[in-house]
Amino acid sequence: MNMKMNFIVKRVLSVIPVLFGISIITFSIAFLAPGDPAEMTLDQNGIYFPTQEQIEQMRVTMGVNASWHSQYFSWIKKALYGDLGHSYHNKNSVLSELRMRVPVTLQLAVPALLLTGLGGIILGTLCALDPKTLPIRILSHLFDIFLATPRFLLALLLIFVMGEILRLLPTSGVTDYKGYLLPTMALSITTIAVVGRLVKNKLAEEIRKPYCFIALAHGIQHRQIVFLYALPNIILPIIAILGNFFGEILGGSIIIENIFALPGLGSMAIEAIRFRDYPLLQGYVLFTGCTYVLISLVLDLLLYLLNPKIRFEEY
Amino acid sequence: MKDIQITSDFCVDHLCVAFPNSMKSANVLSDINVVFRHGIAAAVIGESGCGKSVLVLALLGLLPKYASVHGHIFYNSFDVLSVPFAIIQSNLSKHWGIIPQSPSDALNPIRKIKKQFDDIGKNASRGNFSVEELCDSLTSLGLSDIERILQSYPHELSGGMLQRILFAMAVCCEPEWVFADEPTKGLDEQSRQQVSHNLLHLKTKKTQSMILITHDLPLTEEICEVVVVMYAGEIMEITNSVYTNGLHPYTRALIAALPINGFNPIPDGPVKNGSSRQCRFAPHCAYASKQCKHSHPNLYSVDDMHKVRCFLYA
Amino acid sequence: MDTLKKSIFIIGCICITILICSCGKYYKPTETSSEASTVILAAGRHLAPGEKDGYYCSKILQVWEPLITDNELTGRPQSCLATSWEMRDNGKVWLFTLQKGVRFQDGTSFNADAVLKNFDRMKKGIKTSNFYLLNIDSFYPGLEKYEKFDDYTICLTFKQPNATQPYNMMNYGSAIYSPACFDDDGNFNGPAVGTGPFKITENNMNKYVKLERNDDYYGIPAKTKKIVVKNIPNAEVRYSALKSGEIMGVMDLDAITPVLAEELKKDNRFAVSVSKSMIIRFLLVNGTKFPFNDPRMRRAVSLAINRTALVQTLYAGYASPTVNILNYTSSYYKKIPVAYDLEKAKHLAAEVLQGKKYTMVYCINGADVTQKGEAELIAFWLSEIGLDIKIQSMEYSSMLSALRHGRYDLARSQQGMPNGDPYFIFHSFMMPQGNRNVSDHIGFYDEAASRYMQEVKYCVDEKKRKEIFDHLQDISVEQQPVIPLFNDVTIVAYDRRLHGYDAKPYGITLSAIEMDE
Amino acid sequence: MINKTVFKTIKFKLAVLILTTIIIAGIAAPLLVPFNPFQPDILHRLQFPGATHLFGTDSLGRDLFSRILFGSRYTILLALLSSLAAVLLGTAIGCLAGYYGKWPDTIIMLLSNIFQGIPGICFMVAIAGFFGPGLPSLLTALIITSWVDFSRIIRTETLKLKGEPFIEGLICIGCSNRRIIINHIVPNMFSSLLILGTMRMSRSILSISALSFLGLGVQPPAPDWSVMVSDALVYYRSYPHLLLIPGGCILALIYSLNAVGESLREAFDVRFNEVTR
């Protein structure tokens, strides 16, 4: 029991330096980037041009004239109190901007993750069940092909076929759940292929292990061995890997949101880059980074608690 | 052996197995002809890599798909090698019980013992086992606290316990044949005694037909009626006892190498697999003549139960 | 098995919880689809950026109205909330008479006090905006005081004569809101309330803005009761949405690209409408260093570019080639033939470069695919006059920074006309202290041009002004401070079930559209 | 021991065929191209595949076939360069961490945790976006986001090797650390490095194409394949070949790189605990 607590505490504490490091990198990206945010703010559509004094003054009001460390510390101090600053270009607070964007991305990412997990595991298991039949062989070739397809190509083809030619699904917009179907598909098809192939390979590896082999010799059917023996044994590592995919999906959503015009985190990032909106970008990187780190923390702990092997070793 | 009988004997007919997966295709078994008779305990002995495990895999139809196989193995009107595995499994696997080599890897790590018993039972269309049934068979193998054991995961039990559980699993459906793959490997003397005791117990109480793969010559002496001596993928000798009746120079060398006989090593030299131009044991053989180096001996019958692959007995 | 079940169960629970949490709060199916009378349109940006924006929403949503708007045909000032105006003291004092009987959408009446409140707000400081910077100094240069003359007349007094003040005040220069919708800092405290034919009923940031007809509108009421304007940033997606019937029309700047418009025309469910645009596209040249400090080089580049071919190739003819820096919507626009003469260009370039090759940087905005093709085409043409072009695609802000610091030779840029007064354009590009001349390192100076500019500043005589602007346009063509490529065309596309969907220089007139029953 | 059966599969042969074709096409491009890939020809723009123009022409009338041939140079070189750099950096760091252990290991693991914490493509978009598109920032972005995976794997491999008796023996006879790493540890990981590098290349191409799609990738007029895809976006509805041909080329290239990597992995029987993509 003591060891268990020990592990949990250690794992939780290990997150702190990582988060700290992420915050430094996040901050530095913006600090090192060329271009002057003060100038950008004042410069509008080429109609009005600020004087040097105005720019200087703007720098002071925006707090971008101080040195790296003082800027960082004031930023992190505020961030700890939940204040991530205000966007330069639309003046909203970054937190409210995040609050607005996160649900959109989550509605995209969570179903995509579920689809990735379930679809990948189911299809991968199918592949392992009966690797020789024609549909399964086609499926496993499809995995290879989807694995090689750039996501935006897939998204474009989906829009073209499903939206424009067949007119089955809306290609944009957030008015109802239907609007999320195509983007979710575009986002998850490639990851399904990755997980599917991973499951397939892992299962094949697992089935070659002695206990599965012995079970086979004991007369237990292949199907049962896959479902009752191999699958439960690989499911935990697969779930751990699925945690990584949340990061992948968050990243992939940049392109998907861009293509499907969804006002989520990804399009916020692109906007932030376009307008040199450092606070917004910092908010984005910090948010995705923290989410990712925390999710892998939760998954780690979950796996730790779920795995009977680890659980019983402490008795 | 051309006349095929529908019996519960295992008839191995001109079996050749090769694995193409390394640099060149390696003949693991070449031209194996042997009959394992029902009701008799047989042992297959030989040094590591001589192909004894592969032989057992072949008997069970479990050779990997990439192996290239020639010949036949007849059992109960089936040719084990040519029938799809699923059919063998559904028809024959309840006739067989297998005791694997290393007990710690041989059980599903995240499934309770009881459930693993039930899996076997269901597939032998026997249904779930009652705890009493399992209690009986496990207690007879020298285990106690059966209820706790049945509700445990494999990693909570010791190696010895696991091996006994595997013994019980092998015979829980009352098979006609039991295959034991090196059951005494790496055990201390006391455990070895226990295993040997259990095997004897199996043999006398439940299943007479048994194929035992082992290095352990005394064990074969205790349990088996027939001993098959293999060397480099070939059968060198089939005899009823290696101690009293071992004729082949290799068999003799094996006995001479036993600790009680003074640890005399077999002379050094390359182990040749697959080249048929000479006797494969010739490079190590104290009795090797010119003939041994230039032609390959057949398996000569000494008497009904006894065959030797050596020119000395031609 | 337990492990499998347990883990799937727990993870499933977590995911579903997240899903429900994220949907529960935000997933409100809008009733838009159920109401047949609602017209759903889309624009490339969110047209109502909200409280923090200087204007809250774009003028084309017709929520607010200015005192003075522009005439669509002539580009000159036209009355809107101010019915007439009068210049006194050579342009030092201006009187504006206001429309009577107008009420804001919240019921407060529109009068001189309301207008002065709006001036008070502007006085509080510069407000940034997604449209134009709200800066009283640029709209009302040298404003000394503003006061009311009577309830429906206001009086503006300037430090120096401002002969063309109504031009400055067109549209965004004189946006008027109900005084009740500002807070103390001059920011909006809720949706903007103006006098226009539409009011905002819901503004879902970055997703859509819902408009409803203002039934108390003093002028001709809008023909459609409800309009939703979605934000679809990607032109491709707007096209797809149009095709799949999610939206009925696209509006705002760059509503649809020329190629996609051509594509859409093939489908007879849709129609395309075009109009002149106030935007001119040109190549900026860095005149502060060799070789573009030499006017001959600038002319050579201008002559080497086959504008007609460019426009046909990349813009499917939806653009008007020009060599004139002044936009063709201006009433002072002088039509000057577009020259393309490779031989002469080679000759001029050889004089400057003395037969050598010169490597230069050409900056473009990487986000715009067409600009890239254009750059590749132009780079190829310029290679024939001895210029070795390195294309550098940048995103918006890096480009800005490169321009500000003169780290470029050529750059693709554009300029809109904030109002119909050409003075702004010529001042910006051709005067030594002109905004773009300085900030983009154009380095242009021409004595005659400066003299004409001095003259026109205080010139009230319409005929004389026209004459001077003609001279200035001639100089600009001769000297090419920048190298104009073409005037833009506004393209909008719509479902044929809509009527009155006509392109205007700045989009469409929302109040005029109507849907088939 | 090398398992050669994997090299006999159709998949592997196909992949090798595609790869060699692409590489030869890239090397011999100047000899093979029927047209100047950079020369616009407005009169013959947007032509469908035909006899004169094998793959048709693009929006400026440039021959697509020639551009594809030239494009393979950019695509492959960029992928090769970035993966090579990432492999080198990752190996150096991984070896350091794995071999020396203690505080260098702690620091490096912390760093890699941090870098892993930020999803790759977000990081890349941020770097390529803020520092402006172009080769340097593209390479930086690719390397910064990929060294972590390498260094982790290499670290584990190094740890494994370090426990091997022959390394212990070398330490005992007083071999210098640098010598052990360079002459004994790195060569022993060669097969792993080869496989990782191959797989990394396919991922690099995917990343580059994503960035190019966002306008943050390779600069014009370089006919990189992913740039050609993003160029085709405007036209693909009526002229799908503009999208499908370069898109198909990318797909084929990534597919064959994956297949080769996978086959090598099986042949050498190396296992990594990482996700490929």
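Below, chains carry the letters A, B, ... as their sequence lines are ordered, and counting in each starts from 1.
- Taking A:Leu157, A:Thr291, A:Ile254, A:Leu156 one by one and counting their heavy-atom pairs under 4.5 Å with chain D, the maximum is reached by A:Leu156.
- Interface residue A:Ile25: only side-chain heavy atoms are found under 4.5 Å from chain D.
- Note: A:Ile255 leads A:Ile255, A:Val195, A:Leu265 in heavy-atom pairs under 4.5 Å with chain D.
- To the nearest 0.5 Å, atom CG of residue D:Asn258 and atom CZ of residue A:Phe143 are 14.0 Å apart.
- Taken from OH in D:Tyr255 to OG1 in A:Thr149, the straight-line distance is 11.0 Å, to the nearest 0.5 Å.
- Partner of D:Asn113 under the side-chain contact (heavy atoms from CB on, under 4.5 Å) criterion, chosen from A:Val18, A:Leu19, A:Val15: A:Val18.
- Neither the backbone nor the side chain of D:Ser202 comes within contact range of chain A; no heavy atoms are under 4.5 Å apart.
- No other option in A:Gly266, A:Ala272, A:Gly21, A:Cys290 has as many heavy-atom pairs under 4.5 Å with chain D as A:Gly21.
- Counting only heavy atoms from C-beta outward, the side chains of D:Leu243 and A:Leu153 approach each other to under 4.5 Å.
- No more than 12 heavy atoms of other residues, nucleotides or ligands lie within 6.0 Å of CZ in A:Arg137, so this atom counts as exposed by the packing criterion.
- Across D:Ile254, D:Leu257, D:Leu111, the residue that shares the most heavy-atom pairs under 4.5 angstrom with chain A is D:Ile254.
- Across D:Ile114 and A:Pro17, no two heavy atoms sit closer than the pair CD1-O, 4.1 Å.
- Interface remark: A:Ile145 contributes backbone and side-chain atoms alike to the contact with chain D (heavy atom separation under 4.5 Å).
- If you measure heavy-atom distances from A:Ile22 to chain D, the contacts under 4.5 Å come from both the backbone and the side chain.
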Inset, instruction - Could you walk me through whether D:Glu262 and A:Asp144 pass side-chain contact (heavy atoms from CB on, under 4.5 Å), step by step? - result: CA-CA 11 Å; D:Glu262 191 74 1; A:Asp144 288 338; over 6 Å; no
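- Within the 4.5 Å cutoff, the side chain of A:Asn201 has heavy atoms near those of the D:Arg265 side chain.
- At a threshold of 4.5 Å between non-hydrogen side-chain atoms, the residues D:Ser230 and A:Phe152 do not count as touching.
- Neither the backbone nor the side chain of A:Ala193 comes within contact range of chain D, judged by heavy atoms closer than 4.5 Å.
- Residue contact with chain D, scored on non-hydrogen atoms closer than 4.5 Å, involves the side chain of A:Tyr284 exclusively.
- Nearest heavy-atom pair, D:Leu206 versus A:Ala148, reported as atom, atom and distance to 0.1 Å: CD2-O, 4.3 Å.
- More than 12 heavy atoms of other residues, nucleotides or ligands sit less than 6.0 Å from atom CG of A:Leu13.
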